[in-house]
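Beneath this line is the structure, given in structure tokens, with notes to follow.
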Amino acid sequence: MLRFDQRESGVKRMVIMGCDGLASSIATSLSEQGHMVHILDLNSEAFDRLPRGKIEDHHIVPIIGDGTRQQDLRRASIEEADVFMALSEVDARNALAVQMARHLYEVPT
């Protein structure tokens, strides 16, 4: 029911792999537009780029993990995601993660 209500109101659930400068800017912008963002990174210090207020109000949920591992994707609520973005610094990891999101979890975008 929650997912239906979000779509009706235009709010989407986003999962982002990677939290470098670009990814943190995108996550911040999306959360300011009202979207829910779960962001995965292997390095917890990468989350220091994210605005504390958005984390505290749960508009951005940082998760230490690898977007190429199914258990980490599930912890990031990939099954509920409307959009998946692979923005790590490694193209091969990005390609694998996107294929997993599309084919294993049927993320629409």
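In Arg69, the CZ atom is not crowded: 12 or fewer heavy atoms of neighbouring residues, nucleotides or ligands sit closer than 6.0 Å.
Phe47 CZ to Ile64 CD1: the interatomic distance, rounded to the nearest 0.5 Å, is 6.0 Å. Rounding to the nearest 0.5 Å gives a distance of 5.5 Å between OG1 of Thr68 and CG of Leu96. Rounded to the nearest 0.5 angstrom, His59 NE2 and His35 NE2 are separated by 11.0 Å. Distance CD/Gln70 to CZ/Arg74: 5.0 Å, rounded to 0.5 Å. Considering CE of Met14 and CD1 of Ile26, their distance stands at 10.5 Å, rounded to 0.5 Å. Summarising the geometry, atom NZ belonging to Lys54 is positioned 10.0 Å from atom CE belonging to Met36; distances are rounded to the nearest 0.5 Å.
Evaluation of the salt bridge (charged side-chain N to carboxylate O under 4.0 Å, His left out) test over residues 42-52, restricted to residues two or more places apart or in two chains, returns Asp48-Arg52. Identified under the salt bridge (charged side-chain N to carboxylate O under 4.0 Å, His left out) test for residues 84-101, with sequence neighbours left out: Asp66-Arg93.
Between Ala27 and Ile60 the shortest heavy-atom distance is O-CD1, 3.8 Å. The heavy-atom pair separating Pro51 from Thr28 by the smallest distance is CD-OG1, 3.3 Å. Annotation for Val11 and Gly34: closest pair CG1-O, 3.4 Å, computed over non-hydrogen atoms. Heavy atoms only, all atoms of each residue included: Leu73 and Gly67 are closest at CD1-O, 3.4 Å. Taking all atoms of both residues into account, the shortest heavy-atom contact from Val107 to Ala81 is CG1-O, 3.9 Å. When all heavy atoms of Val37 and Ser31 are compared, the pair lying nearest together is CG2-N, 4.2 Å.
Leu50 and Met85 fall within a single hydrophobic cluster, where Ile, Leu, Val, Met, Phe, Trp and Tyr are joined by side-chain heavy atoms under 4.5 Å apart, directly or via other members. By the rule that hydrophobic residues join a cluster once side-chain heavy atoms approach within less than 4.5 Å of another member, Ile39 and Val98 end up as members of separate clusters. A chain of hydrophobic side-chain contacts below 4.5 Å, direct or via other Ile, Leu, Val, Met, Phe, Trp or Tyr residues, connects Leu30 to Val83. Under the 4.5 Å side-chain heavy-atom criterion for ILVMFWY residues, a single connected hydrophobic cluster contains both Met100 and Leu40.
Side chain of His38 to main chain of Val61: no donor-acceptor pair is present (N/O by atom type, distance under 3.5 Å, no hydrogens or angles). Without hydrogens or angle criteria, Asp82 side chain to Arg13 main chain gives a donor-acceptor distance under 3.5 Å. Of the possible donor and acceptor atoms, one in the side chain of Arg102 sits under 3.5 Å from a partner among the backbone N and O of Pro108.
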Side chains of residues 16-25: which donor-acceptor partners sit under 3.5 Å, not counting sequence neighbours?
unit_1: Asp20; atom_1: OD1; unit_2: Leu22; atom_2: N; d: 3.2
unit_1: Asp20; atom_1: OD1; unit_2: Ala23; atom_2: N; d: 3.0
unit_1: Ser24; atom_1: OG; unit_2: Asp20; atom_2: O; d: 3.1
unit_1: Ser24; atom_1: OG; unit_2: Gly21; atom_2: O; d: 3.0
unit_1: Ser25; atom_1: OG; unit_2: Gly21; atom_2: O; d: 3.0

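When side chains are defined from C-beta on, Asp72 does not count as touching Ile78, because their heavy atoms never get closer than 4.5 Å.
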